[in-house]
Visitor: 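Please see the structure below; I have some questions.
Note that the numbering runs from 1 along the sequence shown for the chain. These numbers were taken from a predicted model, which means no experiment stands behind them.
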Amino acid sequence: MEIKEIQEEIIDEFSMFDDWMQRYEYMIDLGKSLPLINEEFKTDDNIIKGCQSKVWVHAELEDNKLVFTADSDAIITKGIIAILIRAFSNQKPQAILDADTQFIDEIGLKEHLSPTRANGLVSMIKQLKLYAVAYQTQIED
C-alpha cells in the first residue's frame with residue numbers, strides 16, 4: 001500500500017471517534033501494536049532529539065524499503081510514533097522523502113498535543129525523513 005493510502009486509512013479511523021479522549025485511547029492502543037525496537041538499538045544514537053519523553057527509532061533497509069522499529073517510555077508518544085511508522089515503514093526512501101504529513105493536521109493531532117509534544121512530533125517526522133535521506137544513497141536504481 002502506498003503512503004497516501006495508509007494516511008487516508010488513518011484519517012478514516014480517527015474520524016470514527018467523537019472526541020479526543022477516544023482518539024487518545026486509540027493512539028495508546030496503536031502504541032501497544034508498535035513494532036518494537038530491539039534492546040540493542042535503544043542507544044543514545046537512536047534517541048530522537050527534541051522529544052520530551054524518550055523515543056528510540058531504528059531503521060533498516062530491506063528489499064530497498066525502509067523498515068522502522070521504535071519504542072518510547074511514554075504511552076501517548078508511543079502512539080504518535082506508531083502512527084508515523086505505520087505510514088512510513090515498508091516504503092522506499094524516496095517515497096518517504098516525497099510524502100507530505102498533511103494527514104497529521106487532518107486528524108487534528110498537532111492541535112491536541114502540548115507544545116513540547118508537538119515539537120517532539122516534528123522531530124520524529126524529521127528523523128524518519130533523515131533515515132530516508134541516508135538510505136536513499138544506498139539504493140541502486
Side-chain angles (χ1 to χ4, degrees), residues 1-139 141:
M1 204 184 300
E2 288 187 22
I3 292 174
K4 194 77 186 142
E5 294 170 303
I6 297 167
Q7 291 176 345
E8 292 295 328
E9 207 174 74
I10 294 168
I11 292 167
D12 289 346
E13 288 166 13
F14 272 81
S15 70
M16 290 189 288
F17 301 106
D18 297 328
D19 62 46
W20 264 93
M21 282 317 296
Q22 291 175 324
R23 290 177 184 179
Y24 283 130
E25 286 173 25
Y26 183 59
M27 280 173 42
I28 290 166
D29 286 344
L30 288 174
K32 290 174 184 168
S33 66
L34 180 67
L36 281 185
I37 192 169
N38 285 335
E39 287 298 316
E40 67 185 281
F41 297 122
K42 277 190 171 183
T43 62
D44 287 347
D45 290 344
N46 289 330
I47 283 186
I48 294 181
K49 313 288 183 269
C51 282
Q52 182 181 5
S53 45
K54 289 187 175 173
V55 181
W56 298 270
V57 175
H58 177 69
E60 287 183 18
L61 198 61
E62 293 177 15
D63 298 326
N64 286 340
K65 292 182 178 181
L66 270 181
V67 177
F68 294 105
T69 54
D71 198 3
S72 175
D73 60 358
I75 55 173
I76 292 289
T77 309
K78 208 170 183 171
I80 295 168
I81 194 66
I83 291 168
L84 295 175
I85 284 181
R86 181 168 155 201
F88 297 120
S89 198
N90 294 304
Q91 301 292 334
K92 291 188 175 181
Q94 191 61 54
I96 295 168
L97 293 172
D98 294 342
D100 69 34
T101 53
Q102 185 64 37
F103 81 106
I104 299 287
D105 295 330
E106 289 186 43
I107 62 175
L109 186 55
K110 234 185 245 172
E111 67 195 64
H112 287 89
L113 294 175
S114 67
T116 49
R117 281 236 164 86
N119 288 342
L121 170 65
V122 171
S123 296
M124 289 180 217
I125 293 167
K126 193 170 13 174
Q127 187 60 49
L128 297 181
K129 296 234 180 202
L130 283 172
Y131 275 123
V133 168
Y135 281 101
Q136 180 59 35
T137 61
Q138 296 181 22
I139 294 176
D141 291 323

Visitor: Provide the closest heavy-atom pair for Ile96 versus Leu66 in the form atom of the first, atom of the second, distance.
Guide: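 Looking at all heavy atoms of both residues, the closest pair is CD1-CD1, 3.8 Å.
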Visitor: For the residue pair His58 and Phe41, categorise the inter-ring angle as parallel (less than 30°), tilted (30 to 60°) or perpendicular (more than 60°).
Guide: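 If you compare the ring of His58 with that of Phe41, the planes turn out parallel.
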Visitor: Looking at every heavy atom in both Leu30 and Phe14, which two are closest together, and how far apart are they?
Guide: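 Result for this residue pair: CD1-CE1, 4.4 Å.
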Visitor: Heavy-atom distance under 4.5 Å between the side chains of Glu9 and Arg86, does that happen here?
Guide: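 Glu9 vs Arg86: side chains touch.
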Visitor: Kindly check if the number of other-residue, nucleotide or ligand heavy atoms within 6.0 Å of CD (Glu40) is above 12?
Guide: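 Counting neighbours around CD of Glu40, more than 12 heavy atoms of other residues, nucleotides or ligands fall under 6.0 Å, so yes.
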Visitor: Start with the C-alpha distance between Thr43 and Asn46, add both sets of side-chain angles, then the distance that settles side chain to side chain contact (heavy atoms under 4.5 Å, CB included), and finish with yes or no.
Guide: CA-CA 5 Å; Thr43 62; Asn46 289 330; 3.7 Å; yes
Visitor: Flag the pair Arg23 and Glu13 as a salt bridge only when some basic side-chain nitrogen lies within less than 4.0 angstrom of an acidic carboxylate oxygen.
Guide: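 A salt bridge is absent here (no side-chain N lies under 4.0 Å from a carboxylate O).
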Visitor: So, do Phe68 and Phe88 have ring centers that fall under 6.0 Å from each other?
Guide: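 So the answer is no for these two rings.
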Visitor: Ignoring hydrogens and geometry, is there a side-chain-to-backbone donor-acceptor pair from Lys54 to Ile47 under 3.5 Å?
Guide: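 Not at all, since once roles are kept as given, no pair shorter than 3.5 Å links the two residues.
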Visitor: Determine whether a donor-acceptor pair (N or O, by modelled atom type, separation under 3.5 Å) exists between the side chain of Gln127 and the backbone of Ser123.
Guide: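 No: the side chain of Gln127 does not pair with the backbone of Ser123.
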Visitor: Mark yes or no for whether Glu60, through its side chain, and Thr69, through its backbone, hold a donor-acceptor pair below 3.5 Å.
Guide: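 Between the backbone of Thr69 and the side chain of Glu60 there is no qualifying donor-acceptor contact (under 3.5 Å).
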Visitor: For Tyr135 and Ala59, indicate whether the former's side chain and the latter's backbone hold a donor-acceptor pair under 3.5 Å.
Guide: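 Yes, Tyr135 side chain to Ala59 backbone: donor-acceptor pair under 3.5 Å.
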Visitor: Nearest heavy-atom pair of Gln22 and Asp18: which atoms, and what distance?
Guide: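 Gln22 and Asp18 have their closest heavy atoms at OE1-N, 2.8 Å.
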Visitor: So how far is it from His112 NE2 to Ile107 CD1, rounded to the nearest 0.5 Å?
Guide: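 Result: 11.0 Å between the selected atoms.
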Visitor: Run the salt bridge (Lys or Arg N to Asp or Glu O under 4.0 Å) check on Glu39 and Lys42 step by step: do they pass?
Guide: CA-CA 5 Å; Glu39 287 298 316; Lys42 277 190 171 183; 3.6 Å; yes
Visitor: Passes side chain to side chain contact (heavy atoms under 4.5 Å, CB included), Trp56 versus Asp45? Steps please.
Guide: CA-CA 9 Å; Trp56 298 270; Asp45 290 344; over 6 Å; no
Visitor: When you measure from the side chain of Thr137 to the backbone of Ala134, do you find a donor-acceptor pair of N or O atoms at a distance under 3.5 Å?
Guide: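 Looks like yes, one N/O pair under 3.5 Å.
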Visitor: Measuring from atom CE of Met124 to atom CG of Leu128, what distance do you get when rounded to the nearest 0.5 angstrom?
Guide: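 Result: 9.0 Å between the selected atoms.
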Visitor: Side-chain contact test, heavy atoms from C-beta onward, threshold under 4.5 Å: evaluate it for Ile80 versus Leu113 and give yes or no.
Guide: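 Sidechains of Leu113 and Ile80: in contact.
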Visitor: Give the minimum heavy-atom separation between Asn90 and Lys65, together with the two atoms involved.
Guide: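 Looks like O-CD, 3.4 Å.
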Visitor: Taking the side chain from Asp100 and the backbone from Gln102, do they hold a donor-acceptor pair closer than 3.5 Å?
Guide: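 Answer holds: yes.
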Visitor: Within a 6.0 Å radius of atom CG on Asp19, are there more than 12 heavy atoms belonging to other residues, nucleotides or ligands?
Guide: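 More than 12 within 6.0 Å, yes.
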Visitor: Flag the pair Met27 / Ile75 as yes when at least one side-chain heavy-atom distance between them is below 4.5 Å, and no otherwise.
Guide: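 No, their side chains stay 4.5 Å or more apart.
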Visitor: Which distance, rounded to the nearest 0.5 Å, do you find between the CG of Asn64 and the CD of Gln138?
Guide: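 Reported value, rounded in 0.5 Å steps: 10.0 Å.
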Visitor: So, for Leu34 and Ala70, which heavy atoms are closest and what is the spacing to 0.1 Å?
Guide: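 Heavy atoms only, the tightest pair is CD2-O, 3.3 Å.
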Visitor: Quick one: are Leu84 and Leu121 in side-chain contact, heavy atoms under 4.5 Å?
Guide: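 Leu84 vs Leu121: side chains touch.
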Visitor: For the atom pair CD1 (Ile48) and OG (Ser72), what is the distance rounded to the nearest 0.5 Å?
Guide: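 So the gap between those two atoms works out to 9.0 Å.
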Visitor: Is the shortest side-chain heavy-atom distance between Phe17 and Glu25 below 4.5 Å?
Guide: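 Counting from C-beta outward, Phe17 and Glu25 never come under 4.5 Å.
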Visitor: Ignoring hydrogens, what is the shortest heavy-atom contact between Ser53 and Asp73? Give both atom names and the distance.
Guide: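 Closest approach of Ser53 to Asp73, heavy atoms only: CB-OD1, 3.1 Å.
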Visitor: Determine whether Gln7 and Ile3 make a side-chain contact, defined as any pair of heavy atoms from C-beta on separated by less than 4.5 Å.
Guide: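 The answer is yes; the side chains approach within 4.5 Å.
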Visitor: Working to the nearest 0.5 Å, report the span between OG1 of Thr101 and NZ of Lys110.
Guide: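 It comes to 6.0 Å.
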Visitor: Any heavy-atom pair between the side chains of Phe103 and Ile6 that's under 4.5 Å?
Guide: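 A side-chain contact is absent here, since even the closest heavy-atom pair is not under 4.5 Å.
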Visitor: Any side-chain heavy-atom pair from Gln52 and Ser114 closer than 4.5 angstrom?
Guide: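 They are in side-chain contact.
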